[in-house]
Amino acid sequence: MFQDPLQAQLLPALQAAFQELFQHALDPKAIAFQPTRPEFEGDVTINVFPFLKLSGKGPEQTATAIGKHLHAHVDVVERFNVVKGFLNIVIADAYWTDFLREAGEKGILQFPSSGDQVMVEYSSPNTNKPLHLGHARNIFLGDSVSRILQAAGNDVVRVQIVNDRGIHICKSMVAWLKFGNGETPESSGLKGDKLVGKYYVAFDTAWKAEVAEQIAAGMKEDEAEKQAPIMLEAQEMLRKWEANDPEVRTLWAKMNGWVYDGFNATYARMGVGFDKIYYESDTYVLGKKDVMDGLEKGVFYKKEDGSVWVDNTPDGLDEKVLMRGDGTSLYMTQDIGTAIKRFEEFPGLKRLIYTVGNEQDYHFKVLFLILKKLGYAWAEGLYHLSYGMVDLPTGKMKSREGTVVDADELMEEVVQEARLAGEELSKLDDFSEDEKTILFEQIGMAALKYYLLKVDPKKRMLFDPKASIDLQGHTGPFIQYTYARIRSLLRKAGEKFPVVSSQLSGVQASAAGQPTTDSYQLNQEERTVIKLLHQLPAVLNEAATKLDPSSLANHTFELVKAYNGFYQTVPVLKEEDGTKRNFRLALSNAVGSATKRALWCLGIEVPERM
RNA sequence: GGUCCCGUAGCUCAGCUGGAUAGAGCACCUGCCUUCUAAGCUGGCGGUCGUUGGUUCGAAUCCAACCGGGAUCACCA
């Protein structure tokens, strides 16, 4: 469990002060430390309004008394001032310089191992069509949350469950047999998932034509939709699949194989991976036994037609069917069985996080409740990482209307845009073509990932194509640029002051070998940067707790923004005072390392130059 | 209709365990490249925090109602 080291010093001191001054105990939960607003002097502010009832004194009096006591008893409290009920505390420079030294030595964004194993499920596509923008939000979110949990000390198992069976893939198979003429990814040059998606669309087109024909011949619409010959073929295909028909199974395996090749190429470019992949063709048989067990235990009940239900009305939900009357399974049946299987396979698992869109909020509420009712203690560790839909400026994405944004095309576009912008700046003349390709890939992907991750996951968001390829302002490339400038600065420092470069991780040694942490006086810009750096671990902790990368993304932006202000106004290499220069190099180094690590948590790479 | 989520600057978003004069980016206007990378930095413009009421010393933040937008409530996945 992470605790802010500064608050760890101040909190007990504050409680002791209050006890001594006013003879009352302060509830630690009632105490809120906040960063002092920039218009006042101070680093940490304590709001004493909530304590007034206990202190029996006015706000100024209370704050002043506490301030004096803290100043007298806590080393790091340099001085304080009181504005109304706000006690603004100035923390000693030595505290910040000590922190910076540690940050340089250890890195601040890797917490000690908790030993907890956490499973994160994300992506989980169907195999009948390529990945799109909606998947991109899911995948970047799941990947980033996995990284954040790892940085916070957890052992993370990344999984996805691929929906590789069902009517959807049969549709692609039927259409491919009818219209494909044996087309393959090799013969067509099409990516496997794109090829299969093409036949899914072809199915839909042919089916619609048949429906229109039958309606023209006098059939009712819903009847025509069900009775269209091609639809009957797809259903027949599904039956054969379930009967293990060898021909159907072979075709199914072949086409799914194409899709996986395509998905893997997309995942590779996204920079994400999985430790284990579940397939619904394996898991769809799971759960029936568990439902029957629940029935025996009296957790579920059976209706006259033989279907099995759970009554969740006492919990404010509805009744839910878990198994059909004919004994065949439903989505819920499989999900129950799959969850149980996972905890059997990974007995050490503490938590299981499902990254799934918020249209399934109800489904997961019911699923988790059912597993609790079945008596599984681990059900407390289940969590639905629910995220909002991605809208386009033109409205909702609809696959039927062809308004989906393809993930591969999207990535290609942002990378091309990065190339255009990069070539224009003509800063990269000495880059080889290969180096440029890598750089533009990094920049484009940073733009895309940051754009999708900076927004609170649970909120619906708008995808503006123009803004997503922006390289300026509140963007991933802006942060990368700051990092590249820091790296450049440090490279030059290494050339000009070779001795210094070996000491960058330590602030303590000046050119003369004298310790400087005790006496170093921070200027305004240094102080601002170092405080934001100091907050970063708490932000990581919050991101890990809330499973929300956006807080980390936003704070990292604030940090590098502050650093840019420092960089612009405070000389580093040009500083003649060796102590100051070393300190500023160490500060730059620490910001660079932390930035790199924070971006890593977002799945974003950093270039050494750009 | 029941349940859940959302509504903050022209646009996109922070802030929401109640606290000081509500922030950032984009856009628009302005200044800064003979000095460490100008993919940067400065300054300016821009707000009845959906509405109304309540709780409180104090509300964008909590509560209620209403308005507007969305999701969900299948023997689909």
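Below, all heavy atoms of this structure are taken into account, side chains as well, without hydrogens, waters or symmetry copies. Chain identifiers are assigned alphabetically (A, B, ...) following the order of the sequence lines, protein sequences preceding nucleic acid strands; residue numbering begins at 1 within each chain.
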For nucleotides 6-14 of chain B, give me every protein contact, N/O to N/O, under 3.5 Å, one pair per line with atom names.
from: B/C13; atom 1: OP1; to: A/Leu462; atom 2: N; distance (Å): 2.6
from: B/A14; atom 1: OP1; to: A/Asp456; atom 2: N; distance (Å): 2.7
from: B/A14; atom 1: OP2; to: A/Lys459; atom 2: NZ; distance (Å): 3.2

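Between A/Arg37 and the phosphate of B/G23, there is a side-chain N or O to OP1/OP2 separation shorter than 4.0 Å. Within the 4.0 Å cut-off from OP1 or OP2 of B/U37, at least one side-chain nitrogen or oxygen of A/Lys492 is found. Phosphate contact (OP1/OP2 of B/U37, side-chain N/O of A/Ser488, threshold under 4.0 Å): present.
Rounded to whole Å, the distance from CD on A/Glu526 to P on B/C36 is 19 Å. As rounded to whole Å, 8 Å separates atom C1' of B/C73 from atom NZ of A/Lys320. The OH atom of A/Tyr481 sits 5 Å away from the P atom of B/A39 (whole-angstrom rounding). If you take CD of A/Gln480 and C1' of B/G40, they are 15 Å apart, rounded to a whole angstrom. Following rounding to the nearest Å, A/Asp318 (CG) and B/C4 (P) show an atom-to-atom distance of 12 Å. In this structure, the NZ atom of A/Lys561 is 10 Å from the P atom of B/G40, given to the nearest Å. The distance from atom CZ of A/Arg487 to atom P of B/A39 is 20 Å, rounded to the nearest whole Å. Going from atom CG of A/Leu471 over to atom P of B/U37 covers 20 Å, rounded to whole Å.
Inspection of the A/Thr475 and A/Asp470 side chains reveals no N or O donor paired with an N or O acceptor under 3.5 Å. Checking A/Asn256 against A/Asp164 by side-chain atom types alone, no donor-acceptor pair falls below 3.5 Å. A donor-acceptor contact closer than 3.5 angstrom is absent between the side chains of A/Tyr387 and A/Asn358. No side-chain N or O of A/Ser550 forms a donor-acceptor pair with one of A/Asp456 less than 3.5 Å apart.
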When you look at A/Glu121 and A/Thr355, which way does the side-chain contact (heavy atoms from CB on, under 4.5 Å) test go after all the steps? CA-CA 6 Å; A/Glu121 177 194 291; A/Thr355 312; 5.8 Å; no

Taking it one step at a time, do A/Tyr354 and A/Tyr122 satisfy side-chain contact (heavy atoms from CB on, under 4.5 Å)? CA-CA 7 Å; A/Tyr354 296 87; A/Tyr122 61 100; over 6 Å; no

Going through the distances and angles, do A/Glu41 and A/Val90 end up as a side-chain contact (heavy atoms from CB on, under 4.5 Å)? CA-CA 7 Å; A/Glu41 193 206 25; A/Val90 178; 3.8 Å; yes

Can you check side-chain contact (heavy atoms from CB on, under 4.5 Å) on A/Met397 and A/Asp391, steps first, answer last? CA-CA 6 Å; A/Met397 272 200 295; A/Asp391 286 325; over 6 Å; no

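A gap of 23 Å separates the P atoms of B/C4 and B/U51, to the nearest Å. Nucleotides B/A64 and B/G25 have their P atoms positioned 36 Å apart, rounded to a whole Å. Only the P atoms considered, B/A65 is 10 Å distant from B/U3, to the nearest whole Å. Nucleotides B/G44 and B/C26 place their P atoms 16 Å apart, quoted to the nearest Å. B/C11 and B/G19: their P atoms are spaced 26 Å apart (whole Å). For the P atoms, the distance from B/U8 to B/C45 is 23 Å, rounded to whole Å. A distance of about 15 Å separates the P atoms of B/G23 and B/U48, rounded to the whole Å. Nucleotides B/G43 and B/G7 place their C1' atoms 32 Å apart, quoted to the nearest Å.
Proximity note for A/Asn88 (side chain, C-beta onward) versus B/A71, B/A20, B/G40: the nearest is B/A20. Of the candidate nucleotides B/C26, B/A20, B/U37, B/C26 has the atom nearest to the side chain of A/Gln472. Taking the side chain of A/Leu425 as heavy atoms from C-beta on, and the options B/A20, B/U72, B/A39, the nearest nucleotide is B/A39. With B/U72, B/C41, B/G70 as the candidates, the nucleotide lying closest to the side chain of A/Phe478 is B/C41. Distance from the side chain of A/Glu280 is smallest for B/A77 among the nucleotides B/A77, B/G19, B/C36. Checking B/U72, B/G40, B/A20 against the side-chain heavy atoms of A/Tyr362 singles out B/U72 as nearest. Checked against B/G25, B/C4, B/C41, the side chain of A/Phe557 finds its nearest nucleotide in B/G25.
Remark: A/Lys436 NZ is packed, more than 12 non-hydrogen atoms of other residues, nucleotides or ligands lying under 6.0 Å away. For CD of A/Glu424, the number of neighbouring non-hydrogen atoms (other residues, nucleotides, ligands) closer than 6.0 Å is 12 at most.
Among the atoms of the strands shown, base atoms are found under 4.0 Å from some heavy atom of A/Val570. No engagement by A/Ser386 is indicated, since no non-hydrogen atom pair under 4.0 Å with the nucleic acid exists. Among the heavy atoms of the strands lying under 4.0 Å from A/Ala484 is at least one base atom, whether or not backbone atoms are also near. Note on A/Ile443: a base of the nucleic acid sits closer than 4.0 angstrom, heavy atoms only. Among the heavy atoms of the strands, none lies under 4.0 Å from A/Pro59. Counting any heavy atom pair closer than 4.0 Å across all strands shown, A/Leu330 reaches sugar-phosphate atoms only and no base atom.
Here A/Phe566 and A/Tyr563 bring their ring centres to under 6.0 angstrom of each other.
A donor N or O paired with an acceptor N or O is not found under 3.5 Å between the base of B/A38 and the side-chain atoms of A/Asn564. Evaluation of atom-type donor-acceptor distances gives no pair under 3.5 Å for the side chain of A/Thr482 against the base of B/A39.
Of the options A/Tyr278, A/Tyr279, A/Trp241, A/Tyr331, a ring-ring contact (aromatic ring centres under 6.0 Å, His included) to A/Tyr284 is made by A/Trp241 and by none of the others.
Nearer the 5' end of RNA chain B, as judged by each residue's closest nucleotide, is the contact made by A/Leu489, out of A/Met323 and A/Leu489. Between A/Lys365 and A/Lys396, the residue whose closest nucleotide on RNA chain B is further toward the 5' end is A/Lys365.
For A/Tyr567 and B/G40, the ring-to-base geometry does not satisfy the stacking test (centroid distance below 5.5 Å, interplanar angle below 30°). Stacking here means ring centres nearer than 5.5 Å and ring planes tilted less than 30 degrees, and by that measure A/Phe49 stacks onto B/G19.
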Dot-bracket for RNA chain B, please. Rules: Watson-Crick or G-U, both distances under 3.5 Å, ( ) within the strand, [ ] when a pair crosses earlier ones, | for another strand, . otherwise. (((((((..((((.....[...)))).((.((.......)).)).....(((((..]....))))))))))))....

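B/C6: glycosidic angle beyond 90° from 0, hence anti.
Smallest separation of non-hydrogen atoms from A/Ser588 and A/Ile486: O-CG2, 3.3 Å.
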